[in-house]
Structures are given as C-alpha cells and as structure tokens.
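Note that this is a predicted model, so its numbers are computed, not measured. Start at 1 with the first residue, then count along the sequence.
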Amino acid sequence: MITTAKRLDTVEEYYFSSKLREVRQLMSEGKSIINMGIGSPDLSPSKAVIEAVAAAIQDENGHGYQSYQGLPEMRQAMADFYKDQFGVEVNANNEILPLMGSKEGIMHISLAFLNEGDHVLIPNPGYPTYTSVTNLVQAVPVYYDLKEENGWEPDFEALEKLDLSKVKIMWLGYPHMPTGARGSLALFEKLVAFAKKHNILLINDNPYSFVLNDNPMSLLQVEGAKDVALELNSLSKTFNMAGWRVGMVLGNPEIIDAVLKVKSNMDSGMYYGIQKGAIAALKCDKSWFEDQNKIYRRRRELTEKLAEKLNCKVYKEGVGLFVWAKLPEGIESAEKFIDEILYEKHIFITPGTIFGSNGEGYIRFSLCVKEEKVQEAIDRF
C-alpha cells in the first residue's frame with residue numbers, strides 16, 4: 001500500500017471543496033440551491049478584456065512558454081495601477097512578480113522564507129489557507145485575535161505579550177476577509193513598526209480594496225514598508241477574473257527574487273492571452289469600479305435584509321464581497337445553523353467557524369448572487 005506524506009496529516013480538504021460536493025448532491029436530487037457561500041464573482045470581465053484575449057489567441061507567437069516574470073508590459077500595467085490607485089511607486093522590473101492567482105503566492109512565500117519549526121502569526125478569523133500552507137511547510141501557526149469589540153483589528157498589547165522569538169511571517173488582509181473590516185493607514189503604520197521591531201516579514205493580502213470601498217489602501221503606502229513587507233493582490237474580485245488566475249506580489253527586489261526562485265521551479269509561465277487580458281483590465285477607468293459597485297450595493301442591501309430576516313446583526317461597516325453577520329443570542333453552533341438552512345430552505349451560507357474560533361457565532365453571505373436570487377432567498381422565509 002502506498003502511503004501519503006505525513007504533512008497531509010496536518011491539513012484537511014478545503015471546506016468549500018467538501019461542502020460543495022454536499023450542495024451538488026442536493027442539486028442532483030432536484031433541490032433548487034441558492035449558493036451564497038462562495039466569493040466567486042458571477043459578473044463578467046469588461047468587453048476590453050475579452051477583446052484583448054480574443055486578439056491574442058490569433059497571435060502565432062502567443063502559444064509557447066512565457067517568462068516566469070510575465071510580460072514586461074503586464075508588470076508595467078501592474079505598476080501603473082498601483083501608482084494610479086494607491087499613489088505607490090514600484091519598479092516594474094524587480095519589485096513586482098505576477099502570480100497565477102494570489103493564492104499560489106501564499107505557498108511560494110512560505111516555501112521561500114519558512115523553515116521547519118518557524119512560527120507564523122495568523123489572524124483569527126482569517127483566510128484558512130494561511131494555516132494550511134503553514135502546516136504543509138512544517139512551520140507553526142500562532143493565532144492572533146481579531147474581535148468585533150476592537151473593530152476586527154489586532155490588539156498590539158496582546159501581540160507584544162506573545163513569544164515572538166521564532167516568528168518569521170505575519171499574515172494580514174485588509175480589507176479583511178471574512179468580516180469586511182476596512183483597516184486604516186494608521187493601523188498599517190503600527191503593523192510596519194511592529195514588523196520592523198521584531199524582524200518579521202509582514203504580508204498584506206489585498207484583493208478586496210475596490211469592492212464597495214470608497215477609500216482603497218495599500219500597505220505599501222506606509223513609508224519604509226518595503227523594508228519588511230510584501231503585498232498580494234489579485235484581479236479575481238476587482239475585475240471579475242477569478243477563473244483566469246491572475247495575481248501579483250509586490251515588495252523590495254531581494255524579497256521578490258526569493259519568491260521567484262520558488263515560483264520558477266513550479267510553473268512555466270502564464271498563458272500569453274491571459275496576460276493580454278490582464279493588461280486590458282488594469283487599464284479600466286473609474287467608471288468600471290463605479291458600475292460594479294452599483295450592482296454590489298443593491299445586492300448588499302438585499303442581503304442585509306435576508307440576514308435581518310434570520311434575526312442576525314449585520315456588521316454594517318464592512319466592505320468587500322461579503323456580508324458578515326452575528327447570529328442571534330442562543331445559537332450555539334454556526335455550522336448547525338447554516339446546515340438547517342441548507343436542508344430546510346435550500347440556501348447555502350458560510351459558517352464563520354471555518355475562518356477560526358473567533359468566527360463562531362457569525363455567518364458570512366457572498367454578494368456573488370444576482371438580486372432576484374437574493375430576493376428569492378428572502379421569500380423562502
């Protein structure tokens with residue numbers, strides 16, 4: 001019998017991978033499931049993006065292996081985007097590395113910087129992949145609390161009381177997933193100072209800045225952030241290109257080069273046509289964001305009504321692609337609560353517990369659902 005690697009004992013199948021099998025089974029039985037669990041945009045990329053890809057397919061030179069660092073013009077488009085949207089100057093030649101989605105960046109960064117036994121600061125609640133990747137590379141997750149009473153921001157007094165001697169990386173993500181907390185430049189300044197003090201690599205995972213957010217921010221806006229920080233970003237949510245797998249990591253050349261050493265041993269470059277589409281997306285003007293947010297704003301209003309129908313208290317300050325809501329008093333299990341809704345009302349909502357213990361007592365609704373479907377969900381109650 002062929003045995004699996006011991007590292008697989010440290011992780012479980014991704015929640016949505018297993019849960020969606022359950023949802024598909026219900027659908028195969030004829031149940032009309034409304035999926036409000038997944039943050040996969042149902043809207044289309046811009047017409048310019050589709051046209052750019054269509055033209056690239058006809059390019060006879062576009063079907064071979066591509067550079068590990070992506071097309072120079074795509075890196076420049078990413079640099080221009082950061083300059084235009086955040087006022088951040090980055091060198092397109094050595095401070096940007098395109099990724100096949102920012103999720104792979106989490107693994108590449110971890111492989112580049114973590115040794116067995118190194119400690120990693122991970123937000124609770126937060127993106128589950130931070131924990132699974134940390135375990136897969138045999139490092140040690142150390143969770144720091146984010147709580148509603150503190151605006152879903154770190155408690156720096158509590159952080160300073162931790163044993164930080166083995167901490168190599170600190171993950172954060174603002175706007176925050178799953179809560180939608182915005183963060184602030186003041187928070188970023190404190191985080192950069194904390195990272196410098198303790199010699200920690202700080203990484204902000206930043207894919208939600210432009211969804212229902214009137215003040216997009218980057219960690220790299222903080223003076224001196226590049227000394228200790230990286231930022232991940234993605235075209236998935238901002239430009240409705242989740243399945244295209246286009247992301248980026250930005251930071252100082254030495255750190256970017258270390259990530260490239262890993263990445264160049266993992267893939268053979270991004271398809272030329274996708275890169276051309278990404279360039280077109282990054283050049284979208286202000287009207288693109290305004291039009292998308294008109295749609296998401298209407299969806300959010302309806303989704304908040306659904307949450308209130310369930311006697312949940314919505315976190316109104318949240319931005320991004322989700323609605324975060326607190327369960328009614330007396331509900332002991334978020335997972336049991338959403339399963340009852342799934343089997344009785346055929347609506348799939350995400351339990352907060354999959355994001356960490358501080359997610360107990362909360363649920364998360366995706367805004368990647370058409371208005372008429374959200375209204376149908378409301379009507380089912």
Side-chain angles (χ1 to χ4, degrees), residues 14-24 26-27 31-46 49-50 101-103 125 127-129 173 175-181 205-213 216 233-247 281 284 288-307 309-310 312 314-316 318-325 338 341-342 345-352 354-355 359 362-380:
Y14 193 51
Y15 173 81
F16 288 117
S17 174
S18 57
K19 196 67 179 179
L20 288 178
R21 278 202 305 275
E22 192 177 329
V23 170
R24 284 193 294 271
L26 289 171
M27 293 173 72
K31 306 295 191 297
S32 178
I33 305 295
I34 299 174
N35 186 346
M36 304 190 73
I38 306 293
S40 178
D42 61 312
L43 302 170
S44 297
S46 75
V49 171
I50 304 301
S102 59
K103 189 174 184 178
Y127 187 33
T129 298
H176 183 243
M177 199 291 298
T179 68
D205 196 1
N206 188 16
Y208 298 101
S209 273
F210 297 94
V211 181
L212 296 178
N213 185 12
N233 214 317
S234 166
L235 277 64
S236 295
K237 322 296 184 183
T238 305
F239 297 107
N240 302 330
M241 296 168 68
W244 296 53
R245 310 313 302 137
V246 184
C284 285
W288 167 259
F289 305 106
E290 292 172 346
D291 291 345
Q292 296 299 297
N293 283 324
K294 285 177 185 176
I295 296 169
Y296 284 129
R297 196 166 289 113
R298 293 193 298 267
R299 291 181 178 187
R300 183 172 178 103
E301 289 170 1
L302 278 173
T303 303
E304 288 183 359
K305 288 181 181 179
L306 173 60
K309 196 93 170 178
L310 297 172
C312 294
V314 172
Y315 179 60
K316 297 278 190 178
V319 299
L321 211 53
F322 306 102
V323 170
W324 184 248
I338 68 105
I341 293 172
L342 175 60
K345 301 295 183 181
H346 305 142
I347 302 166
F348 173 44
I349 305 164
T350 303
I354 74 165
F355 306 107
Y362 296 86
I363 53 177
R364 191 197 73 173
F365 302 80
S366 168
L367 297 181
C368 302
V369 184
K370 290 179 171 52
E371 289 173 60
E372 55 266 29
K373 280 294 180 183
V374 184
Q375 185 61 56
E376 182 183 337
I378 293 170
D379 295 341
R380 289 185 185 184

Could Asp42 and Arg299 be called an ion pair, given the rule that one side-chain N must be under 4.0 Å from one carboxylate O?
yes

How close do [X] and [Y] get, counting heavy atoms only, and between which atoms?
X	Y	answer
Phe365	Ala307	CE1-CB, 3.8 Å
Phe289	Thr238	CE2-CG2, 3.5 Å
Gly39	Leu321	O-CD2, 3.8 Å
Cys368	Ser40	CB-O, 3.3 Å
Asn240	Pro41	OD1-CB, 3.5 Å
Glu304	Lys316	OE1-NZ, 2.9 Å

With sequence neighbours excluded, residues passing salt bridge (charged side-chain N to carboxylate O under 4.0 Å, His left out) with Arg245:
none

Under the rule for salt bridge (charged side-chain N to carboxylate O under 4.0 Å, His left out), what residues qualify as partners of Arg24, not counting sequence neighbours?
none

Is any side-chain heavy atom of [X] closer than 4.5 Å to a side-chain heavy atom of [Y]?
X	Y	answer
Leu310	Ile341	yes
Asp205	Met177	no
Tyr362	Thr179	no

Taking Arg364 for the side chain and Thr350 for the main chain, is one N or O donor matched with an acceptor at less than 3.5 Å?
no

When rounded to the nearest 0.5 angstrom, what is the spacing between CD1 in Ile338 and NZ in Lys345?
15.5 Å

Please check if atom NZ in Lys309 has more than 12 non-hydrogen atoms from other residues, nucleotides or ligands closer than 6.0 Å.
no

Give the ring-plane orientation class for Trp324 versus Phe355, where under 30° counts as parallel, over 60° as perpendicular and anything between as tilted.
perpendicular

